[in-house]
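Sequence lines set the chain letters: A, B, ... in the order given, protein chains first and strands last, and positions in each chain run from 1. Because only heavy atoms are used, hydrogens play no part in the values below, and waters and symmetry mates are left out as well, while side chains stay in.
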There are 2 protein chains.
Amino acid sequence: MSTSTRKTKPMAESRRESLIAAAAALLDGGGPAAVTLREVGRAAGVSHNAPYKHFADKEALLAAVASRELDRMSRVVDGEAQGSARPDAKALMTGYVAWALRYPERFKLTFGRWMRDDPELAATASASRSLLLAAVQAAQAHGELPAANPERLAGLLLALAHGAADMALSGHLSADGKGSAEPADLVGDLFEYLRLAAANRP
Amino acid sequence: MSTSTRKTKPMAESRRESLIAAAAALLDGGGPAAVTLREVGRAAGVSHNAPYKHFADKEALLAAVASRELDRMSRVVDGEAQGSARPDAKALMTGYVAWALRYPERFKLTFGRWMRDDPELAATASASRSLLLAAVQAAQAHGELPAANPERLAGLLLALAHGAADMALSGHLSADGKGSAEPADLVGDLFEYLRLAAANRP
DNA sequence: ACCTGAACACCGTTCAAGT
DNA sequence: ACCTGAACACCGTTCAAGT
C-alpha cells in the first residue's frame, strides 16, 4: 500500500520495458543494424550488458519488441475494425497495411519470422486471427465474399495485404510509377473482385 | 588464341563468380548471419579481404548474389511460362512461389530491399515484369482476367504471390494447420476468383 | 536480484606491403 | 591488377566481482 512497495516491483518492469522501448526506437531510427546491446544500454542508462539480466540474449530482446508491437497493432487495428456492429474485414486489412507502412522496421521484424515460441505473442496473433475470421464469415453471410472456406479466404486476404505492404516497402510495387498502385488500392481491388465473384456464384 | 591468353581475363571473372557462389552457398546454409567475408574468402581459397578487390563492400557482394539469383529465376520461371503459344500468367506466379519456397534465403535477400541501383538487376526485373504484363493482357483478351488496368492487375498478382510465399516461409500462413493452404493454392484461388469476376462484368 | 567492468572471440574495413 | 597479413573499431557474450 505504501509508495515504496508500489515501486519495487514496477521498477523492474519499467527497466525491462525501457530496454524494449530503447530497442524499438533504435530499430525505427536505423534499422536492425542500429540495434546493438551497447546502444540499447546507453539509451536506457545502464551498462552494455545489463540487458542480459532481463533477456536471455539479443534475439530475446527483439522478440519482446515484436511481441509489444504485435500487441499494439492488434489493439489499434482490431479496435478500428470493431467500431461498427460487425467486424469489418476490409478495415482490418487496410489498417494492417497502414500500420506496416507507418512502422516499416517493426513490421519487418514482427513478421520476418516466427520469433522464439513466445506464448504471449502466439496468443495475440491467435486472437487477431479469430477476429479476421469472424469478419470474413460476416461478410460471407452478407454476400460480399464468396462462400468458400473462411480460413482459406482469410489466408488469401492476409497474403495480399502482407505482400502489398512488403513490396511497397522494398520498392518492388511502384517500379515505374506508371500504372502502379498503393497497397491500400490493391486491397480495395481484391475486395471488389471477390464481391463480383461472390455475386457470380451465389 | 593461345591457352594463356584465353585464361587471363576469364580468370578474374571466375574468381569473382566463385566469390558470389561461395556467398550464395553460405547464405543457403546458414542464413545472412553465416555470410561473413572471412568464410567467403575461405570457401573461395583466398584471404578474408580479397573480396574487396572485386566488390566495394559486403553489401555489394550481396547485391551481386541477388542479381545472379534474379537472373536465374527469371530464366527458369519465364522459360516455363513461355512454353505454350502465349505466356501463362498463372504459371509465372506458381513458378515464382515455387522458387521462393525452394530457395528461401535467396528469395528474402533478393526481394528484401532494392539492392544498390544495379542497372543489370533493374534490367532483368523490368524484362520479367514485361512478360508478366503480356501474360496478363493475353488472359484479359481471353476473358480469364477482368478488363482492368493490366499494370495494376499485375501488381495484385505479384503482391499475392509474394505475400503468400513470404508468410509461408515465416510460418504465418499455416498457423493452426487447419484450414490453411499452400501458397500455390492461394494463387490458384485468386485466379479462380478473378475469372469469376471477369465473367460477371464482361 | 540486479548491475558493472574487464575480457574473449568474432566481424567489417583499412592500410602498408608484396607480386 | 590482384592479393596478403597486421591492425583498428565494433559487436555479442561470458565472467568475476560488487550491492
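- Counting to the nearest Å, the P atom of dT14(C) and the NZ atom of K58(B) are 14 Å from each other.
- Listed by first and then second residue, the side-chain hydrogen bond (donor to acceptor under 3.5 Å, both in side chains) pairs involving residues 133-143 of chain A amount to none (not counting sequence neighbours).
- As rounded to whole Å, 11 Å separates atom P of dC11(D) from atom CG of L26(A).
- Of the listed nucleotides (dC3(C), dG12(C), dC11(D)), dC3(C) has the atom at the smallest distance from the side chain of H54(A).
- With sequence neighbours excluded, the residues satisfying side-chain hydrogen bond (donor to acceptor under 3.5 Å, both in side chains) with S47(A) are N49(A).
- Applying the salt bridge (Lys or Arg N to Asp or Glu O under 4.0 Å) rule to R72(A) yields no partners; only residues at least two apart in sequence or on another chain are considered.
- For residues 139-148 of chain A, the pairs satisfying salt bridge (Lys or Arg N to Asp or Glu O under 4.0 Å) are R86(A)-E144(A), with sequence neighbours left out.
- Regarding F55(B), its CZ atom lies at a distance of 14 Å from the C1' atom of dC2(D), rounded to whole Å.
- For DNA chain C, the residues of residues 37-52 of chain B within the heavy-atom distance limit of 4.0 Å (strictly under) are L37(B), R38(B), H48(B), N49(B), Y52(B), sorted by number.
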Table of protein N/O atoms under 3.5 Å from nucleotides 17-19 of chain C N/O atoms:
none

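- The aromatic rings of H172(B) and F111(A) sit tilted relative to each other, their planes meeting at an angle between 30° and 60°.
- Here R68(B) pairs with nothing under the side-chain hydrogen bond (donor to acceptor under 3.5 Å, both in side chains) rule; sequence neighbours left out.
- When the C1' atom of dA1(C) is taken as reference, atom CZ of R16(A) falls 15 Å away, rounded to whole Å.
- With sequence neighbours left out, D185(A) forms a salt bridge (Lys or Arg N to Asp or Glu O under 4.0 Å) with no residue at all.
- Taken together, the paired segments of DNA chain D that extend over three or more consecutive Watson-Crick or G-U pairs, each closer than 3.5 Å at both contacts, are C:4-8 with D:12-16, C:12-16 with D:4-8.
- Remark: E39(B) pairs with R42(B) by the salt bridge (Lys or Arg N to Asp or Glu O under 4.0 Å) rule, at least two apart or across chains.
- Heavy-atom contacts from other residues, nucleotides or ligands closer than 6.0 Å to NZ of K108(A) number more than 12.
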Pairs under 3.5 angstrom only: tabulate donor-acceptor contacts from the side chains of residues 153-165 of chain B to other protein residues two or more places apart or in another chain.
residue : atom : partner : partner atom : Å
H162(B) : ND1  : Y96(B)  : OH           : 3.1
H162(B) : NE2  : D166(A) : OD2          : 2.9

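- Every residue two or more places apart in sequence or in another chain was checked for a side-chain hydrogen bond (donor to acceptor under 3.5 Å, both in side chains) with D78(A), and none qualifies.
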